[in-house]
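Just so you know, these numbers come straight off a predicted model, no measurement behind them. Each ligand, and each atom within it, is numbered from 1 in the order the structure gives.
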Amino acid sequence: MKNTSKSPSARGGFGSKIGFVLAAAGSAVGLGNIWRFPYLAAKYGGGIFLLIYIIFAITFGFTLMLTEIAIGRRTGKSVIGAYKAVDKRFSFLGILAAVIPALILPYYCVIGGWVLKYMTVFVTGGGEEASKATFASASDPEAKLSFFAHFIGLLEQPTIFFIIFVLLTSVAVFFGVEKGIEKVSKLLMPVLLILIIGIAVYTLTLDGAGDGLKYYLLPDFNGFTASKFFKTIAAACGQLFYSMSIAMGIMVTYGSYMRKEDSLESSVRQIEVFDTLVAILAGLIIVPAVFVFSGGNKSAINAGPGLMFDTLPKVFADMPAGQFIGAAFFILVTLAALTSSISLMETVVAVVIEKFKLSRTVSCVIVIGITLVLGMLSVLGYSVCSDFTIFKKQMLDFFDYITNNLMMPVLALLTCILIGYVVKTKYVEEEVMLGEKRFRSKLLYSVMIKFICPACMIMILLTATKI
Ligand code: PFF
């Protein structure tokens, strides 16, 4: 088994370790951390979820992320070429790893467009008015729609914000890895960290935030049955996947641009800490703030996916300096979503460049075109074509479901089998040793990749398919 990779510089690559870590953390830190993590933590018993999540991050998340980055760096190729280079019989995994980001990117940019709209509303001073406004529903004159429900049901505005978000994403990708993605990540990630820490400190000083904090951090064992425990584990595991950008080809792609002399193990640990820290901080902002302004009403915190788009803007509207905090918050979410969509687009663009031997510019144009077409299906699904569903799901939810619940666990499971049993763990160990004197988590890695990770993947698949 030869270590075949070309030096990353032959096809462009990150110029520094910090550039790589920030870009990968930028990919990991996204809507998953800020929109999804807090509502899941609130739903699954606060502290218990947090604890299980952290344990998963340092074991399961570490193993899968290290594996993907090592495959990328060792082969020096985009996902299609990379899996083929590991073992020809597993070439189909490369195709799966290219299709997943191509399906996620469009709907992720649609949601990115929603966030961009909120940012614009808050930055231009209309946050309070918008979050309290109600609109008549076209289908049921009695029903009142929130700003969010009304907005996503429109056609022009979500389309325009979606297109702007795709174009913003493509700027960094057009400029390439070092001059585009690395530069943007080095600029945006520190800004993101400062914003999130600043907002968290502010919301925690609000009167009554302590009770919300207790609700968020202290484990609540009340009514915690075995079945709830199992569900919490499955939810934490699924969230980790989503949050760390695992099993969507991204880490293989970014790994292929990583310098050989940089330490893989410590890079993965740093990305993991960054990602988990931002998720916990987002929860520190959202859960206590909603708790305070809903008067400790638990159903407000359990608003699920609507927590960030519906509940939180109302909280900002009532909060002292809320207009300003709301603007800062939605700038933060936009930046987080942008660095993630950049990584999704880069993964697909890298495949097009390599597979069809096209220039970066032409490849970008092709990927933008596909993204706009597929993304419009998601926009239309919430708008004029809302009666059209697949398996009772709107288009956006359908894309989200098949990628996150089915395709990604399958890709991760087969990657574990490929590394754990086919080419064996030495494939990754040798790559780790290039930048290191010793592989500190070697035993943990080996046990995880062979036994625990595959078991977790099977569990996610079973829960997703409700078998
Ligand atoms: N890890 C990123 C996030 O937490 O938002 C990016 C991402 C996750 C994109 C999951 C897409 C996805 F399905």
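For atom 5 (O) of ligand 1, the nearest non-hydrogen atom from the set Tyr108, Phe399, Phe241 comes from Tyr108.
The shortest N/O to N/O separation between Asp400 and ligand 1 does not fall below 3.5 Å. For ligand 1, the polar-atom distance check finds an N/O of Gly32 within less than 3.5 Å of one of the ligand's N/O atoms.
Note on ligand 1: Met248 sits in its first shell, one or more heavy atoms being nearer than 4.0 Å.
Ring centers of Phe162 and Trp114: at least 6.0 Å apart, outside the cut-off. For Phe399 and Tyr108, the gap between ring centers reaches or exceeds 6.0 Å. Checked against a 6.0 Å centroid threshold, the rings of Phe330 and Phe122 count as neighbours. A ring-centre distance under 6.0 Å is found for Tyr53 and Phe37.
Listed by number with element, the atoms of ligand 1 under 4.0 angstrom from any heavy atom of Ser27 are 1 (N), 2 (C), 6 (C). Heavy-atom proximity to Asn33, at under 4.0 Å, picks out these atoms of ligand 1: 4 (O). The atoms of ligand 1 that sit less than 4.0 Å from any heavy atom of Leu31 are 3 (C), 5 (O). For ligand 1, the atoms sitting less than 4.0 Å from at least one non-hydrogen atom of Tyr107 are 13 (F), numbered in the order shown with element in parentheses. Listed by atom number, the atoms of ligand 1 under 4.0 Å from Ile104 heavy atoms are 11 (C), 12 (C), 13 (F). Of all the atoms in ligand 1, the ones that sit under 4.0 Å from a non-hydrogen atom of Asn404 are 13 (F). Each of the following atoms of ligand 1 lies closer than 4.0 Å to a heavy atom of Ser340: 2 (C), 6 (C).
For Asp310, there are no salt bridge (charged side-chain N to carboxylate O under 4.0 Å, His left out) partners at least two apart in sequence or on another chain.
For atom 8 (C) of ligand 1, the closest non-hydrogen atom of the protein is Tyr242 O, 3.0 Å.
Figure legend: cation-pi geometry between Arg259 and Phe14 absent, as NZ or CZ is not positioned both under 6.0 Å from the six-membered ring centre and within 45° of its axis.
The nearest pair of heavy atoms linking Val110 to Gly375 is CG2-O, 3.5 Å.
Applying the ring pair (Phe, Tyr, Trp, His ring centres under 6.0 Å) test to every pair with at least one member in residues 59-78, sequence neighbours left out, gives these pairs: Phe56-Phe60.
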